[in-house]
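One structure below.
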Number of protein chains: 2
Amino acid sequence: MSTTSDSKEAGRWLARAGLRPTRQRTALASLLVEGGNRHLTAEALYAEAQKAGADVSLATVYNALKAFTDAGLLREVNIEAGRVYYDTRVDEHPHFYFEDDGSIADAPVGSVKISELPDVPEGCEVATVDVVIRLRRR
Amino acid sequence: MSTTSDSKEAGRWLARAGLRPTRQRTALASLLVEGGNRHLTAEALYAEAQKAGADVSLATVYNALKAFTDAGLLREVNIEAGRVYYDTRVDEHPHFYFEDDGSIADAPVGSVKISELPDVPEGCEVATVDVVIRLRRR
DNA sequence: CTCAATGCAAAGTATTTGCAACCGA
DNA sequence: TCGGTTGCAAATACTTTGCATTGAG
């Protein structure tokens, strides 16, 4: 359910990034900030919004997720072809990917230590280092 | 150019995986084994095949790449949403991803050392650990 | 008021699939 | 011959875009 405090928190979340708190964005932001760390697709968030009674179009979900990401509120996770996950955690951290059902989870922070980074090509700098631990059922 | 030795090598490459060496597969395999380590998309391989005069349909390129991957001759690399790269190197190694042009390169082997792997969830085992170093122009 | 944000539908991109024709063993 | 492969086109899945309308500041 969407409580007043959720809306307020969502409002702050949007304000922090200088995004205009429209009704749709606030509704989506509420869904994202409640429920802790999440990894969801545009389709999944759209479905949640519908279930929550928010009147938001799929295109707006895509647009909003992109705006949130550009503003640094979310992080894109590219693991599977043809499906973008958005992570409510924006710090650099490894992910588990379950090959069986295609779901994603955070791996424990600091559980992967990268001890040596390679020399990067001339004129480049490291933006991020993405680590995906692909798991299969034993 | 496609030489006789390329075709022979391609034939062995296919035979190693028990794949029937059809004209199309041999042509594609030749393009893949010559030229060393490569990272290409289905579209890119299709374009190369056309340029080389091989009569192969796009669907067949997709089918062949999938068959090669299932047979362990190639490795899928998922970095960008909506675009699958196939790597002719099948061992586990990190990749550079150039955000500017969307291209991929191998990072030096052993350049990334993972010193601690997290405890994986109950009943699961690690299939692979994918490391992508995203680079941007400085 | 004004311009950013939205909704809808249409377009775009990447990939898969159904099925008849084909060809390698 | 026989069943795995192929080609084509249509289908699918996901995401983006164009444009008129709406609404937040």
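These figures come from a predicted structure and were not determined experimentally. We use all heavy atoms of the structure for the numbers below, so side chains are in, but hydrogens, waters and symmetry mates are not.
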Where do B/L65 and B/V61 land on the side-chain contact (heavy atoms from CB on, under 4.5 Å) test, with the steps shown first? CA-CA 6 Å; B/L65 285 174; B/V61 173; 3.9 Å; yes
Is a side-chain donor-acceptor pair under 3.5 Å present for B/D130 with B/H95? no
For B/D55, does the CG atom sit with more than 12 other heavy atoms under 6.0 Å from it, leaving out its own atoms? no
Angle separating the five-pair end axes of the helix from C/dC1-D/dG25 to C/dA25-D/dT1, nearest 10°, is 30°
How close or far is atom C1' of D/dT15 from atom CD of A/E80, stated in whole angstroms? 15 Å
Let me check something: do B/F98 and B/V132 share a hydrophobic cluster, defined by ILVMFWY side-chain heavy atoms less than 4.5 Å apart, either directly or through other members? no
Keeping the roles fixed (side chain from B/T88, backbone from B/R38), state whether a donor-acceptor pair exists under 3.5 Å. yes
Is the phosphate of D/dG7, meaning OP1 or OP2, less than 4.0 Å from a side-chain N or O of B/T60? yes
Round to a whole Å and report the spacing from CG of A/L65 to C1' of D/dT17. 17 Å
Under 4.0 Å between a Lys/Arg side-chain N and an Asp/Glu carboxylate O for B/R136 and B/D100? no
Does D/dT6 have OP1 or OP2 sitting under 4.0 Å from an N or O in the side chain of B/R25? yes
Is B/D106 close to B/F96 at the side-chain level, that is, under 4.5 Å between some pair of heavy atoms? no
What's touching nucleotides 22-25 of chain D from the protein side, N or O pairs under 3.5 Å?
none

Hey, does A/T69 have a side-chain heavy atom less than 4.5 Å from the side chain of A/Y86? yes
B/D70 CG to D/dG4 P: how many Å, rounded? 15 Å
Do the non-hydrogen side-chain atoms of A/L32 and A/W13 ever get within less than 4.5 Å of each other? yes
Distance alone, cut at 3.5 Å: any donor-acceptor contact between the side chains of B/H93 and B/D87? yes
Would you mind building the protein contact string for nucleotides 11-18 of chain C? One character per nucleotide, 5' to 3', B for base within reach (heavy atoms under 4.0 Å), S for sugar-phosphate only, - for untouched. ---SBBB-
Under 4.0 Å between a side-chain nitrogen and a carboxylate oxygen: does that hold for B/E80 and B/R134? no
In whole angstroms, the gap separating C1' of C/dC8 from CG of A/D55 amounts to 12 Å
